Amino acid sequence: MLQAAQLSGIVLALYVGTAHGLTVDEVVTPQYVNDHKDTISVSATPSDDLIEFSVTLMLKDYQFAVLNTVVSDGKRTLSKNHTSVFSRIPKATFRLSVPRDLVATSTFSVAACTFVQRENGTLTPIPGTINYMIQIQEFAPTAKAR
């Protein structure tokens, strides 16, 4: 039978060995945005039959980000889009519009990973991704009422 110290060592080795490739899902609500103003902002503006969303991700040097958008009516996917940016700029803003009646069944997420510049100038990705899962219906409360 394994001793407690041996078992702890095995568990720690498994954790350390897998933690660097980890993808972390962050559920983005208005409260999350309020608590993480230096990371992400989300706004929604009604326009005709659409809700226009603006999602801004504050970037670190050399960051890759992908906005994944799925517009659905709840039964079928009407549109799917992946918009990516590889940048050294301080922020990336993604703008998109969704019909009011499809906001509750549509999904947005922004996946971000970081690169480091090596001494020879090449960029190397750092393992791990943060997937910001944006709860768009919470940013457009008028969409719930329809």
Side-chain angles (χ1 to χ4, degrees), residues 2-46 50-144:
L2 291 174
Q3 300 273 336
Q6 291 173 323
L7 186 57
S8 297
I10 292 170
V11 170
L12 180 61
L14 290 172
Y15 177 75
V16 171
T18 60
H20 292 291
L22 185 66
T23 297
V24 177
D25 289 337
E26 291 286 348
V27 177
V28 179
T29 62
Q31 182 62 48
Y32 182 92
V33 169
N34 191 46
D35 294 342
H36 297 88
K37 291 179 182 176
D38 59 338
T39 304
I40 193 167
S41 71
V42 180
S43 62
T45 307
L50 300 173
I51 304 288
E52 296 177 2
F53 292 92
S54 179
V55 177
T56 301
L57 184 64
M58 298 359 153
L59 301 173
K60 300 174 184 169
D61 279 348
Y62 301 112
Q63 195 159 17
F64 181 73
V66 179
L67 175 72
N68 299 298
T69 307
V70 177
V71 177
S72 169
D73 66 1
K75 296 178 184 171
R76 58 196 165 128
T77 299
L78 303 173
S79 172
K80 190 183 279 192
N81 187 29
H82 310 285
T83 304
S84 60
V85 61
F86 176 71
S87 182
R88 191 176 178 180
I89 61 172
K91 62 184 175 178
T93 301
F94 302 94
R95 291 184 176 83
L96 33 106
S97 299
V98 176
R100 289 176 188 262
D101 58 337
L102 299 180
V103 169
T105 54
S106 299
T107 62
F108 298 160
S109 66
V110 179
C113 64
T114 303
F115 288 70
V116 293
Q117 187 170 15
R118 300 172 78 186
E119 289 179 16
N120 65 3
T122 61
L123 298 175
T124 302
I126 297 173
T129 301
I130 298 175
N131 188 28
Y132 298 98
M133 300 168 57
I134 303 161
Q135 305 301 300
I136 60 170
Q137 65 278 7
E138 293 189 31
F139 292 91
T142 56
K144 293 180 187 176

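Heavy-atom basis, side chains included; hydrogens, waters and symmetry copies ignored. Along the sequence shown, residues carry numbers from 1. Note that the structure is a prediction, hence the values are computed from the model and not measured.
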Undergrad: Look at atom CE of Met58 and say whether more than 12 heavy atoms of other residues, nucleotides or ligands are closer to it than 6.0 Å.
TA: yes
Undergrad: Could you report the tightest heavy-atom contact between Tyr32 and Ile40, atom names first, then the distance?
TA: CE2-CG2, 4.0 Å
Undergrad: For Thr29, give me all partners under side chain to side chain donor-acceptor pair (under 3.5 Å), at least two apart in sequence or on another chain.
TA: none
Undergrad: For residues Val103 and Ile136, report the shortest heavy-atom separation together with the two atoms involved.
TA: O-CD1, 3.6 Å
Undergrad: Test side-chain contact (heavy atoms from CB on, under 4.5 Å) on Phe139 and Val33 and set out the steps.
TA: CA-CA 10 Å; Phe139 292 91; Val33 169; 3.7 Å; yes
Undergrad: Which atom names give the shortest non-hydrogen contact between Ala111 and Thr129, and what distance separates them?
TA: CB-CG2, 3.9 Å
Undergrad: For Thr107, give me all partners under side-chain contact (heavy atoms from CB on, under 4.5 Å), at least two apart in sequence or on another chain.
TA: Val70
Undergrad: For Arg100 and Pro46, which heavy atoms make the closest approach, and how far apart are they?
TA: NH2-CB, 3.1 Å
Undergrad: Sequence neighbours excluded, which residues qualify as ring-ring contact (aromatic ring centres under 6.0 Å, His included) partners of Phe108?
TA: Phe53
Undergrad: From the options Ile130, Thr56, Leu67, select the one residue that forms a side chain to side chain contact (heavy atoms under 4.5 Å, CB included) with Val110.
TA: Leu67
Undergrad: Can you tell me how far CD1 of Ile51 sits from OG of Ser106, rounded to the nearest 0.5 angstrom?
TA: 11.5 Å
Undergrad: How many angstroms lie between atom CZ of Arg95 and atom OG of Ser54, to the nearest 0.5 angstrom?
TA: 4.5 Å
Undergrad: Could you pull out all residues at least two apart from Ser84 that satisfy side-chain contact (heavy atoms from CB on, under 4.5 Å)?
TA: Phe64, Val66
Undergrad: Of all residues at least two apart in sequence or in a different chain, which pass the side chain to side chain donor-acceptor pair (under 3.5 Å) check with Ser79?
TA: none
Undergrad: Taking only residues two or more places apart in sequence, or in another chain, which ones meet Asp73 in a salt bridge (charged side-chain N to carboxylate O under 4.0 Å, His left out)?
TA: Arg76
Undergrad: Kindly say whether Ser72 contributes a backbone atom to a donor-acceptor pair with the side chain of Thr105 at under 3.5 angstrom?
TA: yes
Undergrad: Which distance, rounded to the nearest 0.5 Å, do you find between the OG of Ser109 and the NE2 of His82?
TA: 9.0 Å
Undergrad: Could you list all the salt bridge (charged side-chain N to carboxylate O under 4.0 Å, His left out) pairs where at least one residue sits in residues 32-42, not counting sequence neighbours?
TA: none
Undergrad: If you round to the nearest 0.5 Å, how far is NZ of Lys80 from OG1 of Thr69?
TA: 11.5 Å
Undergrad: Among all residues two or more places apart in sequence or in another chain, which pass the side-chain contact (heavy atoms from CB on, under 4.5 Å) test with Glu52?
TA: Ser47, Ser97
Undergrad: By side-chain contact (heavy atoms from CB on, under 4.5 Å), which residues pair with Glu119, not counting sequence neighbours?
TA: none
Undergrad: Once rounded to the nearest 0.5 Å, what's the spacing between atom CD1 of Ile134 and atom CG of Leu57?
TA: 8.5 Å
Undergrad: Do Thr83 and Asn81 have a side chain donor and acceptor closer than 3.5 Å?
TA: yes
Undergrad: Considering residues at least two apart in sequence or located in another chain, which fulfil the side chain to side chain donor-acceptor pair (under 3.5 Å) criterion with Thr39?
TA: none
